[in-house]
Undergrad: 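Attaching a single structure in structure tokens format; questions to follow.
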Amino acid sequence: MRDGHQGTGPGAITPDGCAVELYSRLPVGVEPDVVASAVPGGARILELGSGVGRMTRPLLERGFAVTAVDESAEMLEHVRGARTICSPIEHLDLGETFDAVLLASFLVHTGDVEVRRGLLDACARHVAEGGCVLIQREGEDYHTNVPRERVDPSGFTVRTVSADPVGDGVDAVRVEYEFPDAVWTQTFRARPLTEEQFEEVLAEAGLRVDRYLTEDRTWVRAVPSGRGTDGGEDGEEAGRRDRGR
């Protein structure tokens, strides 16, 4: 188990506290549409932290070639139709590059600075010339709007119970998932990042924001520093446009 992470409930629990059975039940959200809007058709995608393949399946259905990476063999057993690799993301070095590298699930907010650097270095190491890195950020009120809950149309309730400071700018976040027949919890360490701080940690890895993909700015298209955007804008102008919204 990773330091500061814990999970409870039926079935296997991964090193970061995720329950395999829980993630096999969660519905697909808008994420595959966001990804499809930011990369060319038929792109080769490296999905870091794929879990059970909740996003992998719809990406494959859209015609993308997906390589799914997760440190949990139990998670990867549920992935179908994609190449799978069992490895911690921060240690990954495949010796090949991809049109798009995907880092979802707020992984960029991990509380461990060295792990975060490893995650972003892995993204930069595996993105092809002319490719991009798609990153999911936390919402602005993720750590302050607690407790909160949401009832999913499919019939389960997810609650963010607490986000308690544990030092060095890191919070211990506890989330509960209540289904009619089972309850799971996950506790993990997360580091809030302002937009400015987020862009600074990208720069450390040789990446920069190309554009924000969603209105809430939680999904980001990043590219290696020095590259122009896919629309032909130069990077400095694109940065001014995005920050000026």
Side-chain angles (χ1 to χ4, degrees), residues 1-2 4-38 45 47-62 64 66 68-82 84 102-110 134-164 171-190 192 213-219:
M1 192 66 63
R2 289 180 179 260
H5 293 245
Q6 182 181 3
T8 67
I13 304 293
T14 67
D16 61 353
C18 294
V20 175
E21 183 181 340
L22 165 64
Y23 276 82
S24 70
R25 295 187 182 199
L26 294 181
V28 178
V30 301
E31 292 92 343
D33 294 327
V34 173
V35 173
S37 74
I45 296 177
E47 185 184 4
L48 302 177
S50 66
V52 297
R54 186 166 56 98
M55 290 177 59
T56 314
R57 290 188 296 273
L59 291 175
L60 290 169
E61 290 167 358
R62 285 164 171 78
F64 298 110
V66 182
V69 177
D70 202 278
E71 67 179 345
S72 167
E74 292 92 344
M75 286 283 197
L76 290 175
E77 287 175 0
H78 293 261
V79 177
R80 298 289 183 271
T84 60
L102 178 59
L103 188 70
S105 301
F106 311 143
L107 290 175
V108 72
H109 290 274
T110 178
L134 305 182
I135 301 172
Q136 185 182 23
R137 302 172 58 226
E138 294 173 344
E140 289 185 5
D141 63 350
Y142 187 83
H143 292 253
T144 56
N145 179 24
V146 290
R148 64 181 180 271
E149 76 173 38
R150 175 180 63 85
V151 179
D152 192 86
S154 64
F156 70 92
T157 300
V158 56
R159 301 183 184 92
T160 303
V161 179
S162 58
D164 299 325
D171 291 341
V173 181
R174 178 181 171 87
V175 182
E176 296 178 353
Y177 299 85
E178 181 177 346
F179 286 74
D181 62 338
V183 175
W184 286 273
T185 73
Q186 182 183 11
T187 302
F188 55 93
R189 299 283 175 92
L213 299 172
T214 53
E215 191 67 27
D216 62 6
R217 301 170 79 81
T218 57
W219 275 94

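Quick note: numbers below take in every heavy atom, side chains included, and nothing from hydrogens, waters or symmetry partners. Note that this is a predicted model, so its numbers are computed, not measured.
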Undergrad: Partners of R25 by salt bridge (charged side-chain N to carboxylate O under 4.0 Å, His left out), sequence neighbours excluded?
TA: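 With neighbours one apart ignored, the set is E21, D181.
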
Undergrad: Between I13 and Q6, is the side chain to side chain contact (heavy atoms under 4.5 Å, CB included) condition met? List the steps.
TA: CA-CA 8 Å; I13 304 293; Q6 182 181 3; over 6 Å; no

Undergrad: What are the two closest heavy atoms between Y23 and V52, and how far apart are they?
TA: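 Closest approach of Y23 to V52, heavy atoms only: O-CG2, 3.4 Å.
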
Undergrad: Which atom pairs, one a donor and one an acceptor, fall under 3.5 Å between side chains of residues 103-110 and the rest of the protein, sequence neighbours left out?
TA:
residue: H109; atom: ND1; partner: E138; partner atom: OE1; Å: 3.4
residue: H109; atom: ND1; partner: R191; partner atom: O; Å: 3.0
residue: H109; atom: NE2; partner: E138; partner atom: N; Å: 3.0

Undergrad: To check you understand the geometry: which heavy-atom pair defines the closest contact between M1 and G17, and what is its length?
TA: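 Scanning both residues, the minimum pair turns out to be SD-N, 3.8 Å.
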
Undergrad: Measure across L76 and A68 and return the closest heavy-atom pair with its distance rounded to 0.1 Å.
TA: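 Shortest heavy-atom contact: CD2-O, 4.0 Å.
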
Undergrad: How many angstroms lie between atom OG1 of T160 and atom CG of D141, to the nearest 0.5 angstrom?
TA: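 Spacing of OG1 (T160) from CG (D141) equals 10.0 Å.
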
Undergrad: A quick test of your reading: do over 12 heavy atoms of other residues, nucleotides or ligands sit less than 6.0 Å from CD of E140?
TA: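 Result for CD/E140: open.
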
Undergrad: Going through the checks in order, is the side chain to side chain contact (heavy atoms under 4.5 Å, CB included) test met by F188 and R2?
TA: CA-CA 9 Å; F188 55 93; R2 289 180 179 260; over 6 Å; no

Undergrad: Would a distance-only check, ignoring hydrogens and angles, find a side-chain to backbone donor-acceptor pair under 3.5 Å from D171 to V173?
TA: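 No: the side chain of D171 does not pair with the backbone of V173.
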
Undergrad: Ignoring hydrogens and geometry, is there a side-chain-to-backbone donor-acceptor pair from D164 to A172 under 3.5 Å?
TA: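 It does not hold such a pair.
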
Undergrad: Quick check: closest heavy atoms across A38 and L213, and the distance to 0.1 Å?
TA: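 Heavy atoms of A38 and L213 come nearest at CB-CD1, 3.8 Å.
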
Undergrad: Would you name the heavy atoms of W184 and A19 that are closest together and state the gap between them?
TA: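 Residues W184 and A19, closest heavy atoms: CD1-CB, 3.1 Å.
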
Undergrad: So how far is it from I45 CD1 to F64 CZ, rounded to the nearest 0.5 Å?
TA: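 Spacing of CD1 (I45) from CZ (F64) equals 5.0 Å.
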
Undergrad: Parallel, tilted or perpendicular, judged at 30° and 60°: which one describes the rings of F156 and F179?
TA: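 Plane angle under 30°, so parallel.
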
Undergrad: Using only atom types and a distance under 3.5 Å, with no angle test, would you say the side chain of R57 pairs donor to acceptor with the backbone of R80?
TA: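 No, R57 side chain to R80 backbone: no donor-acceptor pair under 3.5 Å.
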
Undergrad: For Y142, does its backbone N or O pair with a side-chain atom of R148 as donor and acceptor, under 3.5 Å?
TA: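 Answer holds: yes.
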
Undergrad: Specify the closest pair of heavy atoms between V28 and P58, including all atoms of both residues, with the distance to one decimal.
TA: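 In terms of heavy atoms, the two residues are closest at CG1-CG, 3.9 Å.
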
Undergrad: Between T185 and R174, is the side chain to side chain contact (heavy atoms under 4.5 Å, CB included) condition met? List the steps.
TA: CA-CA 7 Å; T185 73; R174 178 181 171 87; 3.5 Å; yes

Undergrad: About how many Å separate CD of Q136 and OG1 of T214, when rounded to the nearest 0.5 Å?
TA: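 So the OG1 of T214 and the CD of Q136 are separated by 8.5 Å.
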
Undergrad: Is any side-chain heavy atom of R62 closer than 4.5 Å to one of D33?
TA: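 The answer is yes; the side chains approach within 4.5 Å.
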
Undergrad: How long is the gap from CG on D152 to CD on E178, to the nearest 0.5 Å?
TA: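 The CG atom of D152 sits 13.0 Å away from the CD atom of E178.
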
Undergrad: So, taking the atom named CD in Q186 and the one named NE2 in H5, what distance separates them when rounded to the nearest 0.5 Å?
TA: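 Between atom CD of Q186 and atom NE2 of H5 there are 8.0 Å.
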
Undergrad: Atom CZ of R137 and atom CG of D216: how far apart are they, to the nearest 0.5 Å?
TA: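 Reported value, rounded in 0.5 Å steps: 9.0 Å.
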
Undergrad: Determine whether L59 and T56 satisfy the following criterion, side chain to side chain contact (heavy atoms under 4.5 Å, CB included), listing intermediate values before the conclusion.
TA: CA-CA 5 Å; L59 291 175; T56 314; 5.8 Å; no

Undergrad: Evaluate the side-chain proximity of C18 to M75: yes if any heavy-atom separation is below 4.5 Å, no if none is.
TA: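 They are in side-chain contact.
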
Undergrad: Going by side-chain contact (heavy atoms from CB on, under 4.5 Å), name the residues that satisfy it together with S37, two or more places apart in sequence or in a different chain.
TA: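 S37 satisfies side-chain contact (heavy atoms from CB on, under 4.5 Å) with no other residue.
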
